[in-house]
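Worksheet: one structure, shown below.
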Amino acid sequence: MEFVFQISRYDDPALDREAAALMDQRIEAYSREKVPGLWKITDRLNAFTAKGPGRERRVRRYRIYGVVFLLLGIFVLVPGLMEPRQLDLILVGAFAAALGLFYLFLPKKRGPGKPSRQTQAEAAKLLARMRGTDWTGVQICCDENGMHICRGEEQGESIPYAEMTGVWESARAWLVAIEKDRGLMLQKKDLISGNPQEFLQYLKK
């Protein structure tokens, strides 16, 4: 089996976001390898939060609390703001309203976290290197012997699979980690030979 990429420019603005997400995956995989016990506990806590016993009942109860406290806060806050203003009513009303909003938004499921600044910085460095390279006529081929970088008839660097430490996928690209501090981002649109649905599993295998 062989996969061939005809490398094009990395000028798609969406790659900035995806590169950070891919780098996040790489860092998490490295962390899981180094401290598996901590991640085991983290995964259990996340699973309990998402599917814990009585979650649906808690969600309904929190929403009822939220509506009650919000209405109570407004009911107390409005008279407190009228002349002459009463500071104690304002404080109590504001606290009750804030508590109501807290209960209303508490049950909502969190979306995916935003990559850290460090992750975004590392992704920016990777993209800057990819965008600053002249890829004219460059092909990257993955066959049974490894990954080969060629420019026309000129054979360039060959990277054996033993030096690849991981591969991760986003909507538009794959990130291939090479040893400890190297990486290569391959755009899906550049794949001219091979099935994109099989590439990730092929490299992992």
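Along the sequence shown, residues are numbered consecutively beginning with 1.
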Kindly write out the residues that satisfy side chain to side chain contact (heavy atoms under 4.5 Å, CB included) with Asp12, not counting sequence neighbours, or none if the list is empty. Ala14, Leu15, Arg172
Write down the atom of Met185, the atom of Ala173, and the distance for their closest heavy-atom approach. CE-CB, 3.7 Å
Tell me whether Leu175 shares a hydrophobic cluster with Tyr30, the cluster being built from Ile, Leu, Val, Met, Phe, Trp, Tyr side chains joined at under 4.5 Å. no
Would Ile74 and Ile64 show up in the same hydrophobic cluster when neighbours are defined by side-chain heavy atoms closer than 4.5 Å? no
Atom OG1 in Thr165, atom CD in Glu33: separation rounded to 0.5 Å? 8.5 Å
Please report the C-alpha distance between Glu144 and Lys205 in whole Å, then the side-chain angles of each, then the deciding distance to 0.1 Å, and finally whether the salt bridge (Lys or Arg N to Asp or Glu O under 4.0 Å) criterion is met. CA-CA 11 Å; Glu144 61 183 10; Lys205 182 180 178 181; over 6 Å; no
Shared hydrophobic cluster, Leu101 / Val68 (ILVMFWY, side-chain heavy atoms < 4.5 Å): no
Pair Leu186-Met147, side-chain contact (heavy atoms from CB on, under 4.5 Å): steps then yes or no: CA-CA 12 Å; Leu186 298 172; Met147 181 181 289; 4.2 Å; yes
Provide the closest heavy-atom pair for Gly73 versus Ala96 in the form atom of the first, atom of the second, distance. CA-CB, 3.6 Å
Indicate, with yes or no, if Val4 and Trp174 share a hydrophobic cluster defined by side-chain heavy-atom contacts under 4.5 Å among Ile, Leu, Val, Met, Phe, Trp and Tyr. no
Which pairs with one or both residues in residues 123-134 pass side-chain hydrogen bond (donor to acceptor under 3.5 Å, both in side chains), sequence neighbours excluded? Asp16-Arg131, Asp134-Thr136
Are Glu157 and Arg151 close enough for a salt bridge, meaning some N to O gap below 4.0 Å? no
Start with the C-alpha gap between Arg26 and Glu122, add the side-chain angles, then the distance that decides, and say whether salt bridge (Lys or Arg N to Asp or Glu O under 4.0 Å) holds. CA-CA 11 Å; Arg26 178 180 181 179; Glu122 291 299 321; over 6 Å; no
Tyr161 vs Tyr202 aromatic rings, parallel, tilted or perpendicular, using cut-offs 30° and 60°? perpendicular
Considering all heavy atoms, the nearest Leu126-Gly183 contact: CD1-O, 3.7 Å
Could you grab the distance from atom CD of Glu2 to atom NE2 of His148, nearest 0.5 Å is fine? 8.0 Å
Closest contact, heavy atoms only, Asp190 versus Ser8: OD1-OG, 2.6 Å
Atom OG in Ser170, atom CD in Gln187: separation rounded to 0.5 Å? 9.5 Å
Could you walk me through whether Ile192 and Gln139 satisfy the side-chain contact (heavy atoms from CB on, under 4.5 Å) test, starting with their C-alpha distance in whole Å, then the side-chain angles of each, then the deciding distance to 0.1 Å, before giving a yes or no? CA-CA 10 Å; Ile192 60 174; Gln139 285 190 345; 3.8 Å; yes
Separation of Met130 CE from Leu184 CG (nearest 0.5 Å): 4.5 Å
Exercise: identify the closest heavy-atom pair between Glu169 and Leu200: OE1-CD2, 3.5 Å
Answer yes if the ring centres of Phe5 and Phe199 are under 6.0 angstrom apart, and no otherwise. yes
Looking only at heavy atoms, the pair that brings Leu191 and Gly194 closest together is CD2-O, 3.5 Å
Is it true that Ile159 and Met1 fall in one hydrophobic cluster, defined by side-chain heavy atoms closer than 4.5 Å? yes
Answer whether the closest heavy-atom distance between the side chains of Trp168 and Met23 falls below 4.5 Å. no
